[in-house]
Amino acid sequence: MAHIEELELSAHRSDIIKDVNDLIEKYRTIFEWDVPEIDESLTNTLIINEVRKALDDIENELLGKIDC
């Protein structure tokens with residue numbers, strides 16, 4: 001049987017995906033303002049990598065607080 005937290009997460013998964021896509025689009029738009037002839041594929045890769053790093057940092061911070 002799934003934990004209630006997993007069920008709740010499952011109910012919000014599509015919202016999370018939409019929010020992350022919106023975040024990536026936000027920063028791609030900022031890049032395009034600064035660099036009009038941008039390589040969109042490279043920009044997407046850079047932004048996604050940075051989001052991953054940020055998520056790792058947040059995860060480490062949160063897990064560090066739980067371990068205390």
Side-chain angles (χ1 to χ4, degrees):
M1 179 180 213
H3 292 278
I4 190 73
E5 294 86 356
E6 291 169 338
L7 294 172
E8 187 67 14
L9 178 62
S10 180
H12 295 285
R13 182 164 279 116
S14 63
D15 293 332
I16 293 170
I17 291 169
K18 181 188 179 309
D19 289 345
V20 173
N21 275 325
D22 289 348
L23 182 66
I24 292 167
E25 178 62 29
K26 171 187 172 181
Y27 284 100
R28 185 185 316 112
T29 300
I30 292 169
F31 272 54
E32 289 171 347
W33 291 338
D34 295 337
V35 185
E37 295 183 19
I38 197 161
D39 179 338
E40 192 169 310
S41 179
L42 176 59
T43 300
N44 289 338
T45 299
L46 292 171
I47 294 168
I48 290 167
N49 287 339
E50 199 59 36
V51 169
R52 280 193 181 110
K53 287 178 193 174
L55 289 172
D56 288 343
D57 291 347
I58 292 166
E59 179 181 31
N60 289 332
E61 180 182 330
L62 292 174
L63 292 179
K65 287 182 180 177
I66 292 171
D67 291 340
C68 294

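Just so it is clear, the model here is predicted, and its values are computed rather than measured. One is the number of the first residue; the rest follow in order along the sequence.
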Euclidean distance, Asp57 CG relative to Leu62 CG, rounded to 0.5 Å: 11.0 Å
Spacing of CG belonging to Asp34 relative to OG1 belonging to Thr29, to within rounding of 0.5 Å: 11.0 Å
Within 6.0 angstrom of Phe31 CZ, more than 12 heavy atoms from elsewhere: yes
Trp33 with Tyr27, same ILVMFWY side-chain cluster at under 4.5 Å: yes
For residues 38-51, please give each side-chain donor-acceptor pair under 3.5 Å, one per line with the distance, not counting sequence neighbours.
{"residue": "Asp39", "atom": "OD1", "partner": "Ser41", "partner atom": "N", "Å": "3.2"}
{"residue": "Asp39", "atom": "OD1", "partner": "Leu42", "partner atom": "N", "Å": "3.1"}
{"residue": "Thr43", "atom": "OG1", "partner": "Asp39", "partner atom": "O", "Å": "2.9"}
{"residue": "Asn44", "atom": "OD1", "partner": "Arg28", "partner atom": "NE", "Å": "2.6"}
{"residue": "Asn44", "atom": "OD1", "partner": "Arg28", "partner atom": "NH2", "Å": "3.0"}
{"residue": "Asn44", "atom": "ND2", "partner": "Glu40", "partner atom": "O", "Å": "3.3"}
{"residue": "Thr45", "atom": "OG1", "partner": "Ser41", "partner atom": "O", "Å": "3.1"}
{"residue": "Asn49", "atom": "ND2", "partner": "Thr45", "partner atom": "O", "Å": "3.3"}

Side chain to side chain donor-acceptor pair (under 3.5 Å) pairs, two or more places apart, involving residues 8-19: Glu8-His12, Lys18-Asp22
